[in-house]
J.: 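The structure follows.
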Amino acid sequence: MPTSPLYLTDVTLREIELPLRERFIISSGWVENRRILLLELRDESGATAWSECVCGEEPNYSPETVDTARLALRRWLLPRVLGRELEGPEAVRPLLDEGVQGHPMAKAAIEMGIWGLSAEVRSVSLSELVGGTRDRVATGISLGLQPSPAALVEKARQAVEQGYGKVKLKISPEKDIEYVAAVREALGPDRELAVDANAAYTLDDADRLAELDAFGLIMIEQPLAAGDLVRHARLQERLATPVCLDESIVDPPSCEDMLALGSGRIVNIKPGRVGGFLNSREIHDISARAGVPVWCGGMLESGIGRAYNVALASMPNFRLPGDLSPSARYWERDIVAPEWTMSADGFVTVPRDRPGIGVEVDIERVEALTRRSETVAAPGVRVPA
Ligand code: OSB
Ligand code: MG
């Protein structure tokens, strides 16, 4: 593929507020109005690409938030890439990591945006640029905590009817066995069912978690705290159900540690959580070599972040359905056209026939939803006020 270096002239940081159709509750918190940080990157040829920072408003899932990411982007991260020769998207990670600890979601928003911009400039699909091979990706749904087992059963039934290939139930120590039992009973033994605890348990709960083995789950996602790789290994020894790690996998070394310790048997890759596409690809490759399947997690992204997830999930070792629900599951109306849809048999199409991220941003709608906006420019570049 012919490549020429990129020079970013300016990046506009916008915060929009996009109301979810319904409150999404997990063991560590909840969200109703999604505050989303969007980046619009521009290069010296005038080409642009949009990307999304996946942080939440509160630091319940990870330490980063919309507010910390905006600060990190403006103050430390954007100045490292603006006006600098970028050989290609693979060159971005070291520039962002040098001298800046942490802030993986803020870093990923830039790094992924440069993948998107490169795809645009080279006139290839993002999927092709990152090494994707699939035309469509299997889709699962992640159901938030519900007020009663009956309410959860109703949601799960609807999901199966809509065609989802996997149903994931959020659990907490207050809402686990009884809820999972009710859903398994209602859906029958053959449905792919998973649970996600978002780090709500400790190793003292091992006996209780082992009770979940009775329900034939395809995985239990992140039962223990993010840093608990050793304790996850102890827990995995006691469970028949495969442990999948989400919050614990923050970069390629943490994935290697999981494999070395036996802390889990499946990896959830969220490109924002691991600092971008290059790290995602490394984690994908490390897992593939170990015979460990990966799948693409979600962070209630708008249609922009979803485009990146779908492109990533078209890589070959994404072997389980991703949390890649269609736009209409989350929003009255998305901010992209076309909106993301799911086929009746539970697949989302990878837009491999379109250059760049494969969807157009609905600027008017973004403007209407914008709560704040600022443009950070390379030295010497003038931007309209
Ligand atoms: O743990 O996977 C998670 C949403 C916010 C924070 C953490 C998680 C989630 C989800 C939603 O499960 C998945 C989706 O975007 O549909
Ligand atoms: Mg999770």
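Indexing begins at 1, ligand by ligand and atom by atom, following the structure's order. What you see is a predicted model; the values in this text were computed from it and never measured.
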J.: Starting from the Mg ion (ligand 2), look over the N/O/S atoms of Asp246 and name the nearest one.
T.: OD2
J.: Any chance the side chains of Thr48 and Arg42 put a donor and an acceptor closer than 3.5 Å?
T.: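 Absent: no donor and acceptor within the cut-off.
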J.: So, of the N/O/S atoms that Asp196 has, which is the nearest one to the Mg ion (ligand 2)?
T.: OD2
J.: Decide whether Asp10 and Thr375 meet the rule of one side-chain donor and one side-chain acceptor closer than 3.5 Å.
T.: no
J.: Do Asn33 and Arg35 have side-chain atoms, one donor and one acceptor, less than 3.5 Å apart?
T.: no
J.: Scan His232, Arg234, Glu247 and name whichever one has a side chain to side chain contact (heavy atoms under 4.5 Å, CB included) with Leu224.
T.: His232
J.: Regarding Lys270 and Tyr61, is there a side-chain donor-to-acceptor distance under 3.5 Å anywhere?
T.: yes
J.: Distance only, no hydrogens: is a donor on one side chain within 3.5 Å (strictly under) of an acceptor on the other, for Ser314 and Ser127?
T.: yes
J.: How are the rings of Phe277 and Tyr308 set to each other: parallel, tilted or perpendicular (split at 30° and 60°)?
T.: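 Aromatic pair Phe277/Tyr308 classed perpendicular.
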J.: Just to be sure I understand the cut-off, which residues have at least one non-hydrogen atom under 4.0 angstrom from an atom of ligand 1?
T.: Phe24, Tyr61, Ser142, Lys168, Lys170, Asp196, Asn198, Glu221, Asp246, Lys270, Gly298, Met299, Leu300, Asp323, Tyr330
J.: So which of the N, O or S atoms of Glu221 lies nearest the Mg ion (ligand 2)?
T.: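 Closest to the Mg ion (ligand 2) among those atoms: OE2.
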